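Structure record follows, encoded as structure tokens.
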There are 2 protein chains.
Amino acid sequence: MPQRERLTRERVVRAAVDMADRDGVDDVSMRRLAADLDVVPMALYKHVANKAELLDGMVDQVINEIAPPQEHLPWKQAVRTRILDARQVLLRHPWARRVMESKAAPTPTALGYMDSMIAIFVAGGLSLDLTHHVMHALGSRIFGFSQELFTESAGVQPDPAMAAQLAQAFPNVVAVAQGVEHDPDSVIGPGCDDQFEFEFALDLQLDAVERLHENGWRSSVARAAGTAP
Amino acid sequence: MPQRERLTRERVVRAAVDMADRDGVDDVSMRRLAADLDVVPMALYKHVANKAELLDGMVDQVINEIAPPQEHLPWKQAVRTRILDARQVLLRHPWARRVMESKAAPTPTALGYMDSMIAIFVAGGLSLDLTHHVMHALGSRIFGFSQELFTESAGVQPDPAMAAQLAQAFPNVVAVAQGVEHDPDSVIGPGCDDQFEFEFALDLQLDAVERLHENGWRSSVARAAGTAP
DNA sequence: ACCTGAACACCGTTCAAGT
DNA sequence: ACCTGAACACCGTTCAAGT
């Protein structure tokens with residue numbers, strides 16, 4: 001019989017990413033993954049120490065799909081472009097958000113990504129102080145995650161009776177949801193434009209940061225310490 | 001022997017919340033919860049349909065701990081105060097973030113909270129259009145979640161050899177992390193001030209929204225449709 | 001060095017039965 | 001109406017053994 005291809009950490013992680021893309025991350029178990037690779041469950045443990053390390057590897061693979069920053073762009077445009085790139089990558093691996101958000105510590109790969117992001121701000125002339133707070137404020141958005149909860153209930157049209165009940169219980173939610181559909185070419189609801197909402201939120205933050213930078217913003221801590229600008 | 005107190009949905013959910021607060025949400029299983037309540041696992045299924053419904057109930061209980069909005073405040077202050085309130089509640093139940101973020105649809109309780117939040121913006125005179133986009137932009141922040149990844153590696157001091165290696169591999173991360181510690185009274189690192197970072201990010205967004213509102217901002221969709229202001 | 005088999009201590013949930 | 005017992009189809013992981 002033909003000898004099976006040797007297992008490697010790379011092959012294990014890649015198979016896990018594919019499986020998560022296909023079936024969702026909740027269905028990725030060491031046992032199912034082993035079956036997928038035509039191997040007994042315990043064989044995987046020679047290549048990843050445990051399931052947590054497997055998940056780390058999966059996230060790292062996703063982060064490595066994000067293109068490196070573009071050179072010679074003004075900082076705001078460089079950050080914007082890169083985050084929108086990251087968003088496209090994350091849309092291909094929707095499970096990655098939840099996995100990253102459940103991790104306590106960043107992997108070296110994630111740290112490297114953050115490092116390259118910080119580099120853009122610093123190269124653009126932002127102070128270390130401002131850059132620090134901006135990185136916190138952007139948070140997981142630098143990886144291209146929207147910060148939204150719930151995968152948008154829009155799109156599913158409730159029946160009329162249900163709709164009336166909703167409108168009575170949550171008048172403001174319904175009013176705001178209907179407000180968007182006033183686009184003349186759209187029937188009642190293609191739902192929200194996720195790309196627009198993402199860019200709106202991102203630009204809101206980046207424009208605000210630019211304004212702080214231009215005004216020479218410094219945190220009160222830095223001001224109290226009398227650090228040089 | 002004394003008859004045990006009758007099980008109710010309320011009692012089941014409350015015990016689950018307490019257990020999650022104590023041991024973390026990953027350790028809340030139907031079986032452990034049953035043992036905690038001195039009952040056989042299957043007894044729980046008379047009060048919650050399944051584990052997903054239990055988690056819904058737990059999140060609802062947390063949301064209900066958030067105080068209702070304060071009346072007679074300008075919209076920005078009302079929103080700010082309420083979100084900071086929500087943050088305090090969420091700090092008591094740190095597991096709630098991950099549970100909410102893994103849910104596809106909001107419970108009626110979550111919808112009610114969102115509805116009351118939208119009401120503040122609308123009462124403050126913001127257009128439905130702007131309010132809609134702002135709700136998306138704030139995202140899970142309205143529930144008091146910070147959007148940060150990783151529970152802040154600061155606080156743990158790496159040994160000198162490790163520190164040197166870190167500084168070489170991630171110079172920008174290290175520079176920015178050290179930038180904050182220039183507070184004269186602080187030794188090398190009490191870590192970041194989470195409350196400050198949260199308020200910084202929140203104010204960055206709320207101030208930006210206020211500016212859009214004052215400038216009569218309207219989305220291009222609304223402009224194209226020629227909707228009345 | 002790499003893979004296997006059997007086992008341990010868990011899960012959520014169904015079903016038929018008890019009181 | 002409410003709780004129980006036994007069972008099913010799963011988990012991640014350890015350990016000792018095979019090649």
Side-chain angles (χ1 to χ4, degrees), chain A residues 1-60 95 98-105 107, chain B residues 1-60 95 98-105 107:
Chain A
M1 70 181 81
Q3 194 174 318
R4 275 170 322 189
E5 200 184 341
R6 264 267 256 79
L7 227 47
T8 63
R9 192 191 137 99
E10 161 106 26
R11 234 164 61 80
V12 169
V13 171
R14 193 169 299 281
V17 168
D18 289 347
M19 185 177 275
D21 290 347
R22 222 182 319 119
D23 307 326
V25 86
D26 290 335
D27 282 8
V28 176
S29 70
M30 297 298 272
R31 294 172 112 106
R32 281 214 335 133
L33 183 58
D36 196 69
L37 289 163
D38 216 3
V39 107
V40 96
M42 272 317 295
L44 302 178
Y45 285 81
K46 283 277 117 88
H47 301 96
V48 290
N50 49 41
K51 191 171 182 187
E53 204 190 283
L54 175 68
L55 291 169
D56 276 357
M58 293 167 67
V59 166
D60 284 352
W95 48 269
R98 209 150 45 87
V99 175
M100 288 188 71
E101 266 160 358
S102 66
K103 306 207 61 57
T107 61
Chain B
M1 69 180 82
Q3 194 174 320
R4 277 170 321 189
E5 199 183 343
R6 266 269 257 78
L7 227 46
T8 62
R9 193 190 137 98
E10 160 106 26
R11 230 161 66 79
V12 169
V13 170
R14 192 168 300 281
V17 168
D18 289 348
M19 186 177 275
D21 289 347
R22 221 181 320 119
D23 307 326
V25 89
D26 290 335
D27 283 8
V28 176
S29 70
M30 297 298 273
R31 293 172 113 107
R32 281 215 333 133
L33 184 58
D36 196 68
L37 289 163
D38 216 4
V39 107
V40 96
M42 272 317 295
L44 302 178
Y45 285 80
K46 282 277 118 88
H47 301 96
V48 290
N50 47 42
K51 192 171 181 187
E53 202 189 285
L54 175 68
L55 290 169
D56 275 357
M58 293 167 67
V59 166
D60 284 352
W95 47 269
R98 211 152 43 88
V99 175
M100 287 189 72
E101 266 161 358
S102 65
K103 306 207 60 58
T107 61

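All figures in this text were calculated on a predicted structure; none of them were measured in a lab.
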Consider the side chain of [X], meaning its heavy atoms from C-beta on, and name the nucleotide among [options] that approaches it most closely.
X	options	value
A/His47	D/dT4, C/dC3, C/dT13	C/dC3
A/Val39	C/dT4, C/dG12, D/dT13	C/dT4
A/Ala43	C/dC3, C/dT14, C/dC11	C/dC3
B/Pro41	D/dT13, D/dT4, C/dT13	C/dT13
A/Arg31	C/dC3, D/dC3, D/dG12	D/dG12
B/Met42	D/dA6, D/dC2, C/dG12	D/dA6
B/Met30	C/dT4, C/dT14, C/dG12	C/dG12
A/Leu7	D/dT13, C/dC3, D/dG5	C/dC3
A/Lys46	C/dT4, D/dG12, C/dC2	C/dC2

Value in whole Å for how far the [atom2] atom of [N] lies from [atom1] of [X]:
X	N	atom1	atom2	value
B/Leu54	C/dT13	CG	P	10 Å
A/Lys51	C/dC11	NZ	C1'	12 Å
B/Asn50	C/dC11	CG	C1'	14 Å
B/Asp38	D/dC3	CG	C1'	13 Å
A/Leu44	D/dT14	CG	P	14 Å
A/Glu53	D/dT13	CD	P	11 Å
A/Asp26	C/dC11	CG	P	17 Å
A/Arg11	C/dC2	CZ	P	14 Å

How long is the straight-line distance from [atom2] of [Y] back to [atom1] of [X], given to the nearest 0.5 Å?
X	Y	atom1	atom2	result
B/Glu10	B/His47	CD	NE2	11.5 Å
B/Asp27	B/Met19	CG	CE	8.5 Å
B/Leu55	B/Met100	CG	CE	12.0 Å

Report task. For B/Thr107 and B/Asp60, run side chain to side chain donor-acceptor pair (under 3.5 Å): C-alpha distance rounded to whole Å, both residues' side-chain angles, the deciding distance at 0.1 Å, then the answer. Result -> CA-CA 8 Å; B/Thr107 61; B/Asp60 284 352; 2.6 Å; yes
Query - Spacing of the P atoms in D/dA9 and C/dA9 (rounded, Å) - result: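 Straight-line distance between the two P atoms is 22 Å.
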Query raised in the report: Judged by modelled atom types alone, do A/Trp95 and A/Asp26 share a side-chain donor-acceptor pair under 3.5 Å?
Result: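 No, because no side-chain N or O of A/Trp95 sits under 3.5 Å from a partner of the opposite role on A/Asp26.
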Query - Trace of the salt bridge (Lys or Arg N to Asp or Glu O under 4.0 Å) decision for A/Arg32 with A/Asp23 - result: CA-CA 11 Å; A/Arg32 281 214 335 133; A/Asp23 307 326; 2.8 Å; yes
Query raised in the report: Does any nucleotide pair with C/dA1 by Watson-Crick or G-U wobble geometry, both distances under 3.5 Å, and what is it?
Result: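 In the structure as shown, C/dA1 has D/dT19 as its Watson-Crick or wobble partner.
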**Report entry** Pairing partner (Watson-Crick or G-U wobble, both distances under 3.5 angstrom) of D/dG12
**Finding:**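 Across all strands, the one nucleotide that pairs with D/dG12 is C/dC8.
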Query raised in the report: Can you check whether A/Tyr45 has a side-chain N or O nearer than 4.0 Å to OP1 or OP2 of D/dT13?
Result: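 Answer is yes, contact under 4.0 Å.
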